[in-house]
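For reference, the structure is listed below as C-alpha cells.
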Number of protein chains: 2
Amino acid sequence: MNTHTEENYLKAIYNLSAVKGEANVNELSRHLEIKMPTVNSMMKRLADKKLIVYESYKPVRLTTKGEKEAALIIRKHRLTEMFLVEKMGFGWDEVHGIAEQIEHVQSSDFFAKMDELLGFPKIDPHGSPIPDKNGKMEWTEYHKLNECKTGDIVIFKAVTHSSDDFLKLLNVRELQLGTIIKIKSVEAFDGTMTIEYNKRKPEMLSHLVCDRILVANRKK
Amino acid sequence: MNTHTEENYLKAIYNLSAVKGEANVNELSRHLEIKMPTVNSMMKRLADKKLIVYESYKPVRLTTKGEKEAALIIRKHRLTEMFLVEKMGFGWDEVHGIAEQIEHVQSSDFFAKMDELLGFPKIDPHGSPIPDKNGKMEWTEYHKLNECKTGDIVIFKAVTHSSDDFLKLLNVRELQLGTIIKIKSVEAFDGTMTIEYNKRKPEMLSHLVCDRILVANRKK
DNA sequence: GCAACTAATTAGACTGTTCTAATAAAATCA
DNA sequence: TGATTTTATTAGAACAGTCTAATTAGTTGC
Ligand SMILES: [Mn+2]
Ligand SMILES: [Mn+2]
Ligand SMILES: [Mn+2]
Ligand SMILES: [Mn+2]
C-alpha cells in the first residue's frame, strides 16, 4: 500500500494531468506547497513503485496502476464530502479540509457504507463526478460561465475550485448547484458578467469568478 | 500539535495508567507492538514535550497536559465508534479499527457535529465513558462478572476489551449491553459460569470471558 | 549474596519526508 | 546565437519513526 503522503502526490498528479495529460515538477511543487527537490525525489519513488512514468527533465504521467489508485482516493475524498454535506449538515465550503484527511482512512467497509447511505451518488457537493469502485470517472461536458454570451440561459452545474473564500462568495449570493442563470450582459473590457437568477436583483460576477463556474445549457 | 504516532503512544500510556497510575516501557512495547528501544526513545520525546514525566528505569506518568491530550483523543475515538454504530449501522465489533484512524482527524467541527448528532452521548458502544470537551472522564463503578456469586442478578454494562473475536462471541450468544443476567452456578475448579438471560436456555461462559464483562447490580 | 533473569537503555542503522544551497538543463528572448 | 530566466536535479542535512545487537540496571530465586 501507499503512504498518506504518496496518496496526496498521486492525487495532485491526477488533478494536474486532467488538463494536459501530464504534470511537471514545478506545478506539483506549487500545488502541494512542497519544495521542488522534495517533489523530485518523490517522483523517483513513485516511478520505482510503477505508479508514474518519469524521465529526467520531462513531465510525469500516471501509469494505469497509478491512475486507478489516484482515482480511488479521489473517490474516497468525494464520497466523504458528500457524506459530510448530506448526512452531517456541513456546508459545501466546510468539507474539503476534513475530506483531505478522511480520504486516507483504510477501510473499504467504511466508504462502502457511506456510498450506500448516500444512495450511490454520482457527483460530490461541488458538482465533480465521483469515480466508481474501479476508478472509472465520467466527466459530463460542461463549459465555463465565462464562455457564455449575453442572453444565454444556463444551469449552474459545478465549480472547478473549492476554496473557502470562493464558495463563501457564492453562498452570500445564493448561487447553488442547479441554479438557473440568465446572462444579462458581459463587460467587454474585463469580462465582468451581470447575471440574473432566482428572481433576485441582477448580480455582477468578476471574470475570475466566472472562470471557476461550470454550466450546462438549459435544455433537458 | 502532536503527530499521529505521538497520539497513539499517549493513548496507550493513558489506558495502561488507568490501573496503576503509571506505565512501563515493557508493557507499552507489548501493547503498541513496537520494540522497546523505539518506545524508550519516544518516552524521551514525550518528556521533552512535557507530556509525560520520565526518569530512567522508572515507569512513566502522564503530566496534566499529557493526560488531557490523551483523554481528548480517546474522546474522538469513542465518539467515532458511537457514530459508526448509531448513525452508520456498523456492529460494535466492526468499529474499533476505523476509529483508531479517524481519532487523528484534526477538525474540532467534525467531532462537535458527531457529538451533536448523537445527542451528546456519555458512553461508547462498548460501555466505556466518553471524556467531555475538557478531557474529564467519569467511570461509573462497575464490577467484573467474574466476581459475582451464584444467584446474583446483574446488568451487563461494559466490556473491558474490544477485540473482534471477543465481541463476536458475545454477538453469537446475543449478549448485549443492558442484558439482565442471572448467575445460575459457578464452577469451583475453573471459574466457568452458567448464566441465564433473555429467557434463553442457560449459557456457559469461560473465566476469561467473564473477566472481560463489567456488570452492575440490578437495583435502580 | 551471587547467579540468572527481566527490563531498560545505548549505539548504530535505515526508511520516509522534508528542507537549503549549489548546479545543470531547457526554454525564452533579444 | 548567445544571454537570461525558468525548471529540474544533485548533494547534503535534519527530523520522525522504526529496527537489531549489545550493554547495563534492577529484580528474583536459591
Ligand atoms: Mn475537495
Ligand atoms: Mn489528503
Ligand atoms: Mn475502541
Ligand atoms: Mn490511532
Side-chain angles (χ1 to χ4, degrees), chain A residues 1-13 15-17 19-62 66 69-70 73 100-101 103-106, chain B residues 1-13 15-17 19-62 66 69-70 73 100-101 103-106:
Chain A
M1 253 317 96
N2 306 313
T3 65
H4 176 120
T5 314
E6 287 167 342
E7 290 186 346
N8 284 335
Y9 277 92
L10 283 177
K11 237 181 24 153
I13 297 169
N15 287 329
L16 288 173
S17 300
V19 191
K20 309 182 305 297
E22 52 187 37
N24 60 46
V25 174
N26 195 272
E27 285 166 342
L28 281 168
S29 170
R30 280 204 310 271
H31 220 257
L32 292 163
E33 294 178 280
I34 289 171
K35 296 288 180 291
M36 280 178 41
T38 309
V39 174
N40 185 255
S41 59
M42 181 58 86
M43 293 307 99
K44 291 176 181 168
R45 297 241 328 258
L46 295 179
D48 284 349
K49 296 180 80 171
K50 312 286 185 206
L51 293 165
I52 63 172
V53 286
Y54 166 70
E55 287 175 274
S56 268
Y57 296 100
K58 292 202 183 143
V60 301
R61 276 174 299 112
L62 289 167
E69 298 194 9
I73 301 155
E100 200 57 51
Q101 298 177 68
E103 68 190 357
H104 305 292
V105 167
Q106 286 182 334
Chain B
M1 251 322 92
N2 306 313
T3 65
H4 175 119
T5 313
E6 288 166 341
E7 290 185 345
N8 284 335
Y9 277 92
L10 283 178
K11 237 182 25 155
I13 297 169
N15 287 328
L16 288 174
S17 300
V19 191
K20 309 181 307 295
E22 52 187 37
N24 58 47
V25 174
N26 195 276
E27 285 166 342
L28 282 167
S29 171
R30 280 204 311 269
H31 220 257
L32 292 162
E33 294 179 277
I34 289 171
K35 294 289 181 290
M36 281 180 42
T38 310
V39 174
N40 185 254
S41 60
M42 181 58 85
M43 293 308 99
K44 291 173 182 172
R45 295 235 331 258
L46 295 179
D48 284 349
K49 297 180 81 171
K50 311 286 185 205
L51 293 165
I52 62 172
V53 288
Y54 166 71
E55 287 175 274
S56 265
Y57 296 100
K58 291 202 183 142
V60 300
R61 276 175 299 112
L62 290 167
E69 297 192 11
I73 301 155
E100 200 58 50
Q101 298 177 67
E103 68 189 356
H104 306 291
V105 167
Q106 287 183 335

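Values below: all heavy atoms of this structure, side chains included; hydrogens, waters and symmetry mates excluded. This structure is a prediction, so every number in the text was calculated from the model and none was measured. We name chains A, B, ... by the order of the sequence lines, and we start the count at 1 in each one.
- Considering only residues two or more places apart in sequence or on other chains, E100(B) meets the side chain to side chain contact (heavy atoms under 4.5 Å, CB included) condition with N8(B), K11(B), H77(B), H96(B), E103(B).
- H4(A) pairs with exactly one of Q101(A), Q106(A), H104(A) by the side chain to side chain contact (heavy atoms under 4.5 Å, CB included) rule, that one being H104(A).
- Atom-to-atom, CG of L32(A) to C1' of dT17(C) comes out at 13 Å; the value is rounded to the nearest Å.
- When heavy atoms are screened at a 4.0 angstrom cut-off, K44(B) is found touching the sugar-phosphate backbone but no base atom.
- Between M43(A) atom CE and dT17(C) atom P there is a gap of 11 Å when expressed in whole angstrom units.
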Pairs: protein N or O with nucleotides 16-23 of chain D N or O, under 3.5 Å:
residue : atom : partner : partner atom : Å
dG17(D) : OP1  : T3(B)   : OG1          : 2.7
dG17(D) : OP1  : T5(B)   : OG1          : 3.0
dG17(D) : OP2  : R45(B)  : NH1          : 2.9
dG17(D) : OP2  : R45(B)  : NH2          : 2.5
dT18(D) : OP2  : Y9(B)   : OH           : 3.4
dC19(D) : OP2  : K35(B)  : N            : 3.0
dC19(D) : OP2  : T38(B)  : OG1          : 2.9

Write down the protein N/O and nucleotide N/O pairs, taken from nucleotides 23-28 of chain C, whose separation is under 3.5 Å; answer none if there are no such pairs.
residue : atom : partner : partner atom : Å
dA25(C) : O4'  : Y57(A)  : OH           : 3.4

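- In this structure, CG of N24(B) is placed 19 Å from P of dA25(D), rounded to the nearest angstrom.
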Would you tabulate the side-chain donor-acceptor contacts of residues 43-51 of chain B under 3.5 Å, counting partners in other chains and residues two or more places apart, or write 'none'?
residue : atom : partner : partner atom : Å
R45(B)  : NH2  : E6(B)   : OE2          : 2.5
K49(B)  : NZ   : N2(B)   : OD1          : 3.1
K49(B)  : NZ   : E6(B)   : OE1          : 2.8
K49(B)  : NZ   : E6(B)   : OE2          : 3.3

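- Of the possible polar contacts, one joining the S17(A) side chain to the I13(A) backbone as a donor-acceptor pair under 3.5 Å is found.
- In this structure, S41(B) has no side chain to side chain contact (heavy atoms under 4.5 Å, CB included) partners at least two apart in sequence or on a different chain.
- The distance between atom NZ of K58(B) and atom C1' of dG26(D), rounded to the nearest whole Å, is 12 Å.
- Within 4.0 Å (heavy atoms only), N40(B) reaches at least one base atom of the nucleic acid.
- Contact between G66(A) and L10(A) at its shortest, heavy atoms only, is O-CD2, 4.4 Å.
- Under the salt bridge (charged side-chain N to carboxylate O under 4.0 Å, His left out) criterion, the residue pairs touching residues 24-41 of chain A are K20(A)-E27(A), with sequence neighbours excluded.
- Under the side chain to side chain contact (heavy atoms under 4.5 Å, CB included) test applied with Y9(A), the options V39(A), T3(A), V60(A), L28(A) reduce to a single match, V39(A).
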